[in-house]
Number of protein chains: 2
Amino acid sequence: MQGYVAEDLTDDQIARQAAVHGPLAQAVRDLVDATIRTEVDGAEIAAVQTEVAALTDRLRARQIEGSYGVRVGPDGRRTRTWGNAVVGLRNAVAPPLVMAHDPEGRAWSDFTLGAAYEGPPGLVHGGVAAMILDQVLGEAAGAGGRPGMTGTLTVRYRRPTPLGPLRAEAHIERHDAHKTFVEGAISDAGGVTVEAEGLFILPQWARAELSRRREGFE
Amino acid sequence: MQGYVAEDLTDDQIARQAAVHGPLAQAVRDLVDATIRTEVDGAEIAAVQTEVAALTDRLRARQIEGSYGVRVGPDGRRTRTWGNAVVGLRNAVAPPLVMAHDPEGRAWSDFTLGAAYEGPPGLVHGGVAAMILDQVLGEAAGAGGRPGMTGTLTVRYRRPTPLGPLRAEAHIERHDAHKTFVEGAISDAGGVTVEAEGLFILPQWARAELSRRREGFE
């Protein structure tokens, strides 16, 4: 796929697709966790591996070329970013974050990170924290009507972030022309652990793409 | 586990463990990719999901409590960071990066990112680029004998990073006392796409932990 793919699905159709693909991805997330933590013996590991490969073959019996891309509805909204590495409903690499937004340019999410997101023992990988903040800051920019790609992201680690339940939130701080400045943080029950500032830019080629996309529906 | 766990395995024993767990995690990575890209029908998805859950149960028949942690050999080297979100041999969220180092404080890796690491269509998620750079910059600090946790990470996106074959590299720029400044970048065949600077700090509690760990082997 690898592009902005126009589609014209009803909300019901999208919900039905989500009900099929969401639970599969969640089952694969559980398998990822078990793969890290299992202590069964080598013969059993090998047997499970063979069966995992067989299931992969069944799914690949019919599949899209390349990556999932982003499916865009007739109104130009991004209706399905299901392949996304942070929020993708179909992507077992994604925790996934379920995002909330408001039109003032705020975005937030409550989520839980398990063994698959570890860096130092028992702690969230610093890079995972950066990855999540990039997404949440970008969603805040988009929520405020100022979508863009990350230009610069600065992440400050205040204290270690424990694995477990967390919150991430971000808001637009200010903007000018095609640049939007966003701030955000990850918190645990004890308060902020990681802070970030991001500069989001809508580059020339993306403005052209958006323009083409809108024309396609007119 | 969730800690620095001392272990005393020979290189051969570690290699045998890697030969068991590495291929399972790789098979799960393929399944993650297929889960994103499959177009088989809903009944087949549901059937595969049931079998994935059964395989998870088999792996969970015996498993460690909590996350994998970091297994440390008698010399204090981190012999097994197999749960790590970026380099973890057993972690299907990790691409994984296979790192090379030199004692001058350089680290680098050639790797390929597929559908599971997508942000904008056909492109690496900006947060994934940040995540990888955090790891590679931290490895450069460690390779130069100055291990630490990320204090600040600044990532500058020069141009979009395509999914596919990439290289990440980093080197220590300078250091003072417990602070190490590292620079690095991700490149595709056409040159640098993303640059990063990181400040790595060995915090008080980590210095105490390292000190305790070393005493444990004396």
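Order of the sequence lines sets the chain letters (A, B, ...), proteins ahead of strands, with each chain counted from 1.
Contact annotation: the side chain of B:Tyr117 approaches that of A:Val93 to within less than 4.5 Å [non-hydrogen atoms, C-beta and beyond].
Counting heavy-atom pairs under 4.5 Å between each of A:Val87, A:Leu24, A:Asp33 and chain B puts A:Leu24 at the top. In terms of heavy-atom pairs under 4.5 angstrom with chain B, the leader among A:Ala54, A:Ala27, A:Ala116 is A:Ala116. Looking only at heavy-atom pairs under 4.5 Å with chain B, the residue among A:Thr50, A:Thr150, A:Val124, A:Val20 that has the most is A:Thr150. Put simply, of A:Leu199, A:Leu89, A:Ile201, A:Val28, the one with the most heavy-atom pairs under 4.5 Å next to chain B is A:Val28. Of the listed residues (B:Val86, B:Asn91, B:Ile45), the greatest number of heavy-atom pairs within a distance under 4.5 Å of chain A belongs to B:Asn91. Heavy-atom pairs under 4.5 Å with chain B peak, among A:Arg156, A:Arg158, A:Glu51, A:Gln26, at A:Glu51. Counting heavy-atom pairs closer than 4.5 Å to chain B, the top residue among A:Gly138, A:Ala92, A:Gly114, A:Gly127 is A:Gly127.
Residues of residues 179-195 of chain A lying under 4.5 angstrom from chain B, judged on non-hydrogen atoms, do not exist here.
A donor-acceptor distance shorter than 3.5 angstrom exists from the side chain of B:Arg60 to the backbone of A:Asp30, with no hydrogens or angles considered. Side chain of B:Arg37 to backbone of A:Gln63: no donor-acceptor contact under 3.5 angstrom is found. Looking only at distances, a side-chain donor or acceptor of B:Glu118 sits under 3.5 Å from a matching main-chain atom of A:Gly69. Although no hydrogens or angles enter the test, the distance criterion places a donor-acceptor pair under 3.5 Å between the side chain of B:Thr38 and the main chain of A:Leu59.
Summarising the geometry, atom OG1 belonging to A:Thr56 is positioned 4.0 Å from atom CG belonging to B:Leu31; distances are rounded to the nearest 0.5 Å. With rounding to the nearest 0.5 Å, the separation of OG1 in B:Thr81 from NE2 in A:His125 is 9.0 Å.
The two residues B:Thr35 and A:Ala25 come nearest to each other via the heavy atoms CG2-CA, 3.9 Å. Between A:Gly126 and B:Asp134, the closest heavy-atom pair is C-OD2, 3.5 Å. When all heavy atoms are compared, the tightest approach of B:Arg58 to A:Val40 is O-CG1, 3.5 Å. Contact detail for B:Ile36 and A:Arg90: the closest heavy-atom pair is O-NH2, 2.8 Å. Of all the heavy atoms in B:Asn84 and A:Gly119, the pair that sits closest is ND2-CA, 4.0 Å. Contact detail for B:Tyr157 and A:Thr152: the closest heavy-atom pair is CD1-N, 4.3 Å.
With salt bridges taken as basic N to acidic carboxylate O contacts below 4.0 Å, none links B:Asp41 and A:Arg62.
Contact annotation for A:Asp57: neither backbone nor side-chain heavy atoms come within less than 4.5 Å of a heavy atom of chain B. Interface remark: A:Ala46 contributes no atoms to any contact with chain B (heavy atom separation under 4.5 Å).
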side-chain contact (heavy atoms from CB on, under 4.5 Å), that's the test. Do A:Arg29 and B:Val32 meet it? Break it down for me. CA-CA 8 Å; A:Arg29 287 183 194 104; B:Val32 169; over 6 Å; no
Exercise. Could you check A:Leu55 against B:Val52 for side-chain contact (heavy atoms from CB on, under 4.5 Å), going step by step and ending with a plain yes or no?
Key: CA-CA 8 Å; A:Leu55 295 177; B:Val52 169; 3.7 Å; yes
